[in-house]
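So the structure is just underneath, and the comments pick up after that.
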Amino acid sequence: MITTLIAAMTLFAPAGADTPLACPIMGSPTNAKSQALDYNGARFRMCCGGCDGAFKKDAANVVGKLKADSKAIGEFLFDPTTGLPIDAKKAKATTDYNGIRYHFATEAGKDTFTKNAKTLAVMPKKEVMSCPVMGSHAVASYAKAGGYADHDGVRYYFCCADCVAKFRAEPAKYAKAASAKAKAPVVQDVK
């Protein structure tokens, strides 16, 4: 019982907007003005100019090594319970899990995440950056996506929130044609 409680406390570290993220390369604190790169739906800030190149070169490995006791090095750009974009400043709840900071539109969303974190905190190895509902409509970046949904190990990004809802209602229908466009996530420069 005590071991389970300690494990749960380690997995879900309290977090807030004022808790600085750590550089994914050096582990040093970052700030809101530091270099930022987006990868797999999350934003990562660097501590100095040299770290961005190292992150770009090995992002999959850096993110893949995150575990329960990791400092938060990235901030997810979406509420993982709804798949919709979220502004961290407007979030009603926040938590750090396996090195990523997650924000939620509601406290209930955070509760749902806590109960289902292994499913909701997945960082897929494949993604589609064109809206599967609208066909060939390209999604320019994670930050400009209207949301995301995961299906059969692939993360699909959408042009708008309406498409997220349509996809979630019939994922197999929309994923069938779009899955051929799936490829490994890439690091995106934040402009």
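Starting from 1, each residue takes its place in the sequence as its number.
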message: Please give me the minimum heavy-atom distance between His103 and Ala91, naming the atom from each residue.
response: CB-CB, 3.7 Å
statement: Distance col, row Glu170:CD vs Lys176:NZ, nearest 0.5 angstrom, shows 13.0 Å
field: Pairwise distance CG(Asn40) to CD(Gln188) - rounded to 0.5 angstrom
entry: 10.0 Å
task: Establish whether Tyr157 and Met134 are linked, either directly or via other cluster members, by ILVMFWY side-chain heavy-atom contacts under 4.5 Å.
output: no
task: To the nearest 0.5 angstrom, please state how far the CG atom of Leu77 sits from the CZ atom of Arg43.
output: 5.0 Å
query: Closest heavy-atom contact between Ala184 and Glu127?
result: O-OE2, 4.4 Å
query: Taking Glu75 for the side chain and Ala42 for the main chain, is one N or O donor matched with an acceptor at less than 3.5 Å?
result: no
- line: Heavy atoms of Gln35 and Asp52 approach each other most closely as CG-CB, 3.9 Å
task: Verify the cluster assignment for Leu66 and Tyr142: are they in a single hydrophobic cluster under the rule of side-chain heavy atoms below 4.5 Å apart?
output: yes
task: Verify, without hydrogens or angle tests, whether Arg155 (side chain) and Val122 (backbone) share a donor-acceptor contact under 3.5 angstrom.
output: yes
message: According to a hydrophobic-cluster definition based on side-chain heavy atoms being under 4.5 Å apart (Ile, Leu, Val, Met, Phe, Trp, Tyr only), do Met129 and Leu37 belong together?
response: yes
- prompt: Is it true that a side-chain atom of Thr114 and a backbone atom of Lys110 form a donor plus acceptor pair closer than 3.5 Å?
  reply: yes
query: Same cluster for Met46 and Ile73 if Ile/Leu/Val/Met/Phe/Trp/Tyr side chains link at under 4.5 Å?
result: yes
message: For a 4.5 angstrom cut-off between non-hydrogen side-chain atoms, does Ser28 reach Met26?
response: yes
task: Measure from the side-chain N and O atoms of Ser34 to the backbone N and O of Arg45, and report whether any donor-acceptor pair falls under 3.5 Å.
output: no
- prompt: Which atom pair, heavy atoms only, marks the closest approach of Cys47 to Pro29?
  reply: CB-O, 4.0 Å
message: Closer than 3.5 angstrom, by distance alone: can the side chain of Lys71 be matched with the main-chain N or O of Gly27 as a donor-acceptor pair?
response: yes
message: Same cluster or not: Phe104 versus Met123, using hydrophobic residues (I, L, V, M, F, W, Y) connected whenever any side-chain heavy atoms lie under 4.5 Å apart?
response: yes
query: Parallel, tilted or perpendicular: which fits the ring planes of Phe44 and Phe55, with parallel below 30° and perpendicular above 60°?
result: tilted
task: Assess whether atom NZ of Lys181 is packed by more than 12 heavy atoms of other residues, nucleotides or ligands within 6.0 Å.
output: yes
message: Centroid separation under 6.0 Å, is that true for the rings of Tyr97 and Phe113?
response: yes
message: What I want to find out is whether Lys56 reaches Asp189 closely enough, with some N-O distance under 4.0 Å, to be called a salt bridge.
response: yes
Nearest heavy atoms of Leu120 and Pro80, plus distance in Å: CD2-O, 3.6 Å
task: Under 4.5 Å between side-chain heavy atoms, chaining through other members, with only Ile, Leu, Val, Met, Phe, Trp and Tyr counted: pull out the rest of the cluster around Val164, sorted by chain and number.
output: Leu84, Val128, Val133, Val154, Tyr156, Phe158, Phe167, Tyr174
message: Quick check against the 3.5 Å criterion: does Ser130 have a side-chain atom that pairs as donor or acceptor with the backbone of His137?
response: no
query: Tyr102 vs Phe76 aromatic rings, parallel, tilted or perpendicular, using cut-offs 30° and 60°?
result: tilted
- prompt: Can you name the closest pair of heavy atoms from Pro124 and Asp150 and give their distance?
  reply: CG-OD1, 3.9 Å
- request: Please answer whether the main-chain N or O of Ile86 pairs with a side-chain N or O of Asp79 as donor and acceptor at a distance below 3.5 Å.
  value: no
Donor-acceptor under 3.5 Å (Asp38 side chain, Val190 main chain): no
